[in-house]
There are 2 protein chains.
Amino acid sequence: MRNGDTDIIERATIQTVADRAGVSVGTVSRVINRRPGVKATTRERVLQTMEALGYRPDQAARELSFARNRTIGLHVAYGLRRLQPFFALFLSHLASHLRESGLRFEELGTRSDGMPAWLPDGLVLFGAHDDDRRIPYLRENGVPFVLLGHREDAASVAADDRDGGRQAADHLLRLGHGRIAHISGGLHTQAAYDRYLGFTTRLEEAGIAFADEGYLLEGGFTDLDSYRVFRKALESGMDVTSVFAGSDEMAMGALAAAEDCGLRVPFDLSVVGFDDIPEIAGERLTTVRQDIAELAATAVTLLQKLLKGEAAQSLLLPVHLIPRLTTGRASR
Amino acid sequence: MRNGDTDIIERATIQTVADRAGVSVGTVSRVINRRPGVKATTRERVLQTMEALGYRPDQAARELSFARNRTIGLHVAYGLRRLQPFFALFLSHLASHLRESGLRFEELGTRSDGMPAWLPDGLVLFGAHDDDRRIPYLRENGVPFVLLGHREDAASVAADDRDGGRQAADHLLRLGHGRIAHISGGLHTQAAYDRYLGFTTRLEEAGIAFADEGYLLEGGFTDLDSYRVFRKALESGMDVTSVFAGSDEMAMGALAAAEDCGLRVPFDLSVVGFDDIPEIAGERLTTVRQDIAELAATAVTLLQKLLKGEAAQSLLLPVHLIPRLTTGRASR
DNA sequence: CTGAAAGCGCTTACAG
DNA sequence: CTGAAAGCGCTTACAG
């Protein structure tokens, strides 16, 4: 389990690797960055040397030389719950992706007027809403930005929330469910609304007039909010065989409420979530998976295009329902 | 609101500042790093130039030259809920503090055997437990580390959880409360246990035999867990006028449960939390404040001492109860 | 109190 | 396909 017998004192640099592999640092650099134009055998030798030395390129040096003064900022809409799991995961993926691309990254503070505290070379905007004042502000200042969320009039990337809602509905319909509730954190956000829309549209295609049935439950975005609203509904006699929650957290709340109301999942009740956050969904929750790492990577790619002067794009990333243990055939 | 009329195209460097201020880059550097030995008027002039230029030192360059190859890693015990608010805040404070100190920072992955994926020059350990295998491992490999949490046999820093528990008890006693519950996420963690201990010790000093009363409620660490265990207790007839929760999240759960059980806070029930996380406690929750930024800063300071070869220290940071709107005089 | 210069560990044209 | 050299933006002895 020891680290080999390399000096622990002196960390290997690109020079160490170059010397040991009998090449120049330029060549090592090309290997590190997967650049073309290195003979296969050379590449292999360098790779092995790096491995043997436990070499890790110095990120600061990469940033300094690679990304000529380019720093990307992440700015979160004022007042947004930065503590939500989705944000934490997105942040960490964004940071590590940027790091790999050799770009500088900084999370931006907020001025008293809600604008980013300062302007980096490019921005990722988290939690943008319809008439977000940051958008005209950034345009005015000529700073390229990418929105996280679906939006046609700006560079943006989002999961295909609408299709995700549709898949959730489809899954439950196939299992024979007819009385289906939906728990949403609030339909005023684009993601929540699109999930709702895709979901109800699919139900209506199947002849289920969801909207009329009072099966829509709105609360906050947390598991506790979801628990309370769902438990209250169940206690008031809402009769459903399944529920689609707008996030994994909310699904966990619904699961807890079901348990406390004596419902057995999936026998008496099926539950579907959204996101597939491993720490939450685990191996149990049937949920619609969105790839957060991919969202972060795509945001970076879009931003890089913008920085090169290319046109803005709006991308929608596919999502997939992952059937697990909280959904089953409707028993009633 | 515009950014002044400086070129937005070319970002100012230390050289730009030096030229404009009519000094050398060395002098600017001294000002940036608050080093002594700069004439006050020179310092002032440089500061103003930096301000006027909107100059921000390049972090990558600082790391590269300042922190000779020193990188600090954060490693989280396997299986720990990284999604908890406390962790998110600690992480962000640690990262920004390290950044200001010009040190490299990286969050470390975990090998299949639970050890950090690789060994940086120094480590902060999050979520260490009593017989944490990372500790002998790091000692064996000669890597200095600081634990977040109270522990005598290693460099560590923690909030004074025990005193915090005592303060919570004291506050409630002064308000005339005699029947007081405690909600804990689980007494097996040091922080939770110390809070519990300080709390009950103070109660016992006041002649309240807490332990015998069944006023200890254990659940998970989340607001939902807390809600469920507290609501269940209330519905089972637990008769208390106040409750001390082991975290702000748990306190919010207790608040929600009280509301759903028809109790008015603080008239029928007083609630005290722990942490004082602004996004959670807001302006409403009476809670015991621990300074997370200070915890992060202290961890870094300790680590730097270790790196210089100084002896390990165990530090306890003071906490303070902040009375707000969820506590009041006992009415019964 | 201040400046000139070396050096941190990389990447990237430019030659060959 | 590969190497030598310049340069990224800082900090830090070393002189003065």
Side-chain angles (χ1 to χ4, degrees), chain A residues 10-47 49-50 53-71 98-104 106 120-121 304, chain B residues 10-47 49-50 53-71 98-104 106 120-121 304:
Chain A
E10 290 303 323
R11 168 99 99 251
T13 70
I14 197 173
Q15 191 58 257
T16 326
V17 176
D19 294 347
R20 288 263 259 244
V23 296
S24 73
V25 297
T27 300
V28 178
S29 174
R30 282 173 206 114
V31 172
I32 294 173
N33 296 290
R34 299 186 185 76
R35 300 245 184 287
V38 180
K39 213 203 306 179
T41 60
T42 311
R43 173 187 309 279
E44 201 46 46
R45 187 153 35 93
V46 171
L47 248 18
T49 311
M50 298 198 316
L53 253 30
Y55 169 69
R56 302 174 50 85
D58 184 295
Q59 180 59 16
R62 296 190 75 204
E63 285 179 12
L64 188 55
S65 46
F66 184 67
R68 311 240 138 166
N69 223 352
R70 288 252 126 124
T71 124
L98 248 13
R99 167 173 293 257
E100 270 159 38
S101 315
L103 286 163
R104 294 158 169 78
E106 221 159 312
D121 303 287
Q304 283 175 315
Chain B
E10 289 304 322
R11 170 100 98 250
T13 70
I14 197 173
Q15 191 58 258
T16 326
V17 176
D19 294 349
R20 290 263 259 243
V23 296
S24 73
V25 297
T27 299
V28 178
S29 174
R30 283 172 205 113
V31 173
I32 294 172
N33 296 290
R34 298 187 186 76
R35 300 244 184 287
V38 180
K39 213 202 307 181
T41 59
T42 311
R43 173 188 308 280
E44 201 45 48
R45 187 152 36 93
V46 171
L47 248 16
T49 311
M50 295 197 320
L53 252 30
Y55 169 68
R56 302 174 50 84
D58 184 296
Q59 179 59 16
R62 295 190 76 204
E63 286 180 11
L64 188 56
S65 47
F66 184 66
R68 310 243 138 163
N69 222 353
R70 288 251 125 124
T71 123
L98 248 12
R99 166 173 292 256
E100 270 160 37
S101 315
L103 286 163
R104 295 158 169 78
E106 220 160 311
D121 302 289
Q304 282 174 316

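Sequence lines set the chain letters: A, B, ... in the order given, protein chains first and strands last, and positions in each chain run from 1.
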When the distance from CG of A:D58 to C1' of D:dC8 is rounded to whole Å, what number comes out?
13 Å
Checking contacts here: which listed nucleotide (C:dC8, D:dT11, C:dG3) is nearest the side-chain heavy atoms of B:V25?
D:dT11
Side-chain polar contacts of residues 34-44 of chain A - donor-acceptor pairs under 3.5 angstrom, sequence neighbours left out - could you list them?
| from | atom 1 | to | atom 2 | distance (Å) |
| --- | --- | --- | --- | --- |
| A:R43 | NH2 | A:R35 | O | 3.4 |

Testing the basics here: between B:A60 and A:E63, what is the closest heavy-atom pair and its distance to 0.1 Å?
CB-OE1, 3.4 Å
Applying a 3.5 angstrom cut-off to the pairing atoms, does DNA chain C sit in any stems of at least three consecutive Watson-Crick or G-U pairs? List them by first number.
C:1-3 with D:14-16, C:5-12 with D:5-12, C:14-16 with D:1-3
Does anything in residues 32-40 of chain A reach DNA chain D, meaning a heavy atom under 4.0 Å, and if so which residues?
A:G37, A:V38, A:K39
Identify whether any heavy atom of B:V28 sits under 4.0 Å from a base atom; if not, whether one sits that close to sugar-phosphate; answer base, sugar-phosphate or nothing.
nothing
State, yes or no, whether a side-chain contact exists between B:R99 and A:E106 at a heavy-atom distance under 4.5 Å.
yes
By nearest atom, which of the nucleotides C:dT2, C:dC8, D:dC10 is closest to the B:T27 side chain?
C:dT2
Can you tell whether the side chains of B:D58 and A:R104 come within less than 4.0 Å, N to carboxylate O?
yes
What's the CG-P distance between A:L64 and D:dG9, to the nearest Å?
7 Å
Measuring to OP1 and OP2 of C:dT11, would you say a side-chain N or O of A:S29 lies under 4.0 angstrom away?
yes
What heavy-atom pair brings B:S24 and B:A18 nearest, and what distance separates the two atoms?
C-CB, 3.8 Å
Look at the side-chain N and O atoms of A:T42 and state whether any lies under 4.0 Å from the OP1 or OP2 oxygen of D:dT2.
yes
So, taking the atom named CD in B:Q59 and the one named CG in B:L64, what distance separates them when rounded to the nearest 0.5 Å?
11.0 Å
Is B:S24 close enough to C:dA4 that one of its side-chain N or O atoms is under 4.0 Å from OP1 or OP2 there?
no
Between B:T41 and B:A61, the residue closer to the 5' end of DNA chain C by nearest nucleotide is B:T41
Expected rows: protein N/O vs nucleotides 13-16 of chain C N/O, under 3.5 Å:
| from | atom 1 | to | atom 2 | distance (Å) |
| --- | --- | --- | --- | --- |
| C:dA13 | N6 | A:R30 | NH2 | 3.3 |

Among A:D19, A:T13, A:I14, A:T16, find the residue that satisfies the side-chain contact (heavy atoms from CB on, under 4.5 Å) test when tested with A:V25.
A:I14
Would you kindly give the CD-to-C1' distance between A:Q59 and C:dC8, to the nearest whole Å?
15 Å
Nearest-Å distance for atom pair CD1/C1', residues B:I14 and D:dT12:
12 Å
What's the CZ-C1' distance between B:R62 and D:dG9, to the nearest Å?
11 Å
Minimum side-chain heavy-atom gap A:R62-A:N33 below 4.5 Å
yes
Residue pair B:M50 / B:V28: nearest heavy atoms and the distance that separates them
SD-CG1, 4.4 Å
Could you grab the distance from atom CD1 of B:I32 to atom OH of B:Y55, nearest 0.5 Å is fine?
3.5 Å
Could you state the atom-to-atom distance from CG of B:L103 to P of C:dC8 in whole Å?
18 Å
Could you state the CD-C1' distance from A:E63 to D:dC8, rounded to the nearest angstrom?
12 Å
Could you work out, with side-chain hydrogen bond (donor to acceptor under 3.5 Å, both in side chains) as the rule, every residue matching B:Q304, not counting sequence neighbours?
none
Interatomic distance, B:Q15 CD vs D:dT11 P [rounded to whole Å]:
13 Å
Who passes side-chain contact (heavy atoms from CB on, under 4.5 Å) against B:P120, sequence neighbours left out?
B:T71, B:L108, B:W118, B:L123
